Amino acid sequence: MHELSLVKSLLQQVEPYQDRPIKKVVLEVGTMTCVDPERLVFCFDMVKEEAGLSDVNLQINMQQAIAKCQQCEREFKLQQLGQPCECGSYHYTIGTGRDLNLIEIEFNDV
C-alpha cells in the first residue's frame, strides 16, 4: 500500500500552511500513476487527525492519460499501458496521466 507513503509526503507539503485553518486539499492524480484513489482517501482519513487536519477533506481529480502516436501522430486516450494506438502502433509518447500533484489548498474563512 504505497498510498500511505504518498499521504505522508502530502502531509509534509501541507504542513507549512497549517497556521491557517485548512478546509480542503485537492490532488490531481493521473490514470497511469498506479495510485488507487479510494486507498489514497482511506489513508488520508486514517492519518489526518494525528497530523492536526481532522476537519480537512481530500478531493481527488483524476487526469486522463493522453498519448501521442509516433506513427500516425494522433493523440488518444490511454486506458492502460500496452494498449496500441487505433492505427495499431505501440510507438507513442505519454503526454499526461503520469503525475500526482497537489494543486490546491482551500482555507476556511477566519
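Please read these numbers as outputs of a predicted model, since none were measured by experiment. Just so you know, residue 1 is the first one in the sequence shown, and it goes up from there.
Under the 3.5 Å distance criterion, the side-chain polar atoms of His2 are matched with a main-chain donor or acceptor of Cys34. Side-chain N or O atoms of Thr31 include none that pairs as donor or acceptor with a backbone N or O of Gly97 at under 3.5 Å.
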From CA spacing to verdict: side-chain contact (heavy atoms from CB on, under 4.5 Å), Phe44, Leu10
CA-CA 9 Å; Phe44 183 80; Leu10 170 67; 4.2 Å; yes
Step-by-step side-chain hydrogen bond (donor to acceptor under 3.5 Å, both in side chains) determination, Asn61 to Gln59
CA-CA 7 Å; Asn61 298 336; Gln59 177 181 325; 3.0 Å; yes
For a side-chain contact (heavy atoms from CB on, under 4.5 Å) check, start with the C-alpha distance between Thr96 and Asp99, then their side-chain angles and the critical distance, and finish with the verdict.
CA-CA 7 Å; Thr96 62; Asp99 298 324; over 6 Å; no
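Residue pairs meeting the side-chain hydrogen bond (donor to acceptor under 3.5 Å, both in side chains) criterion with at least one partner in residues 85-95, sequence neighbours excluded, are Gln70-Thr93. For residues 48-61, the salt bridge (Lys or Arg N to Asp or Glu O under 4.0 Å) pairs, not counting sequence neighbours, are Asp45-Lys48. Sorted pairs that involve residues 9-19 and meet side-chain hydrogen bond (donor to acceptor under 3.5 Å, both in side chains), not counting sequence neighbours, are lacking altogether.
Salt-bridge annotation for Lys68 and Glu75: absent, with no side-chain N of the basic residue lying under 4.0 Å from a carboxylate O of the acidic one.
Under the 4.5 Å side-chain heavy-atom criterion for Ile, Leu, Val, Met, Phe, Trp and Tyr, Leu53 and Leu102 are members of the same hydrophobic cluster. Note on Ile66: it does not cluster hydrophobically with Leu100, by side-chain heavy-atom contacts below 4.5 Å among ILVMFWY residues. Val35 and Leu81 are assigned to two separate hydrophobic clusters, defined by single-linkage of ILVMFWY side chains at heavy-atom distances under 4.5 Å.
Judged as a side-chain contact (heavy atoms from CB on, under 4.5 Å), and not counting sequence neighbours, the contacts of Gln79 are Gln64, Lys77, Gln83. Taking the side chain to side chain donor-acceptor pair (under 3.5 Å) definition, one finds that Asn57 meets it with nothing, sequence neighbours left out.
To the nearest 0.5 angstrom, Met46 atom CE is 10.5 Å from Glu3 atom CD. Once rounded to the nearest 0.5 Å, the distance linking CG of Leu58 with NZ of Lys24 reads 10.5 Å.
Residues Gln71 and Cys85 have side chains not in contact (no heavy-atom distance under 4.5 Å, counting atoms from C-beta outward). Counting only heavy atoms from C-beta outward, the side chains of Glu104 and Leu27 never approach each other to under 4.5 Å. Within the 4.5 Å cutoff, side-chain heavy atoms of Ile60 are placed close to those of Val41.
Here the closest non-hydrogen pair linking Met62 and Pro37 is SD-CG, 3.8 Å. Considering every non-hydrogen atom in both Ile22 and Val56, the closest pair reads O-CG2, 3.3 Å.
Through direct or relayed side-chain contacts under 4.5 Å between Ile, Leu, Val, Met, Phe, Trp and Tyr, Ile103 connects to Val26.
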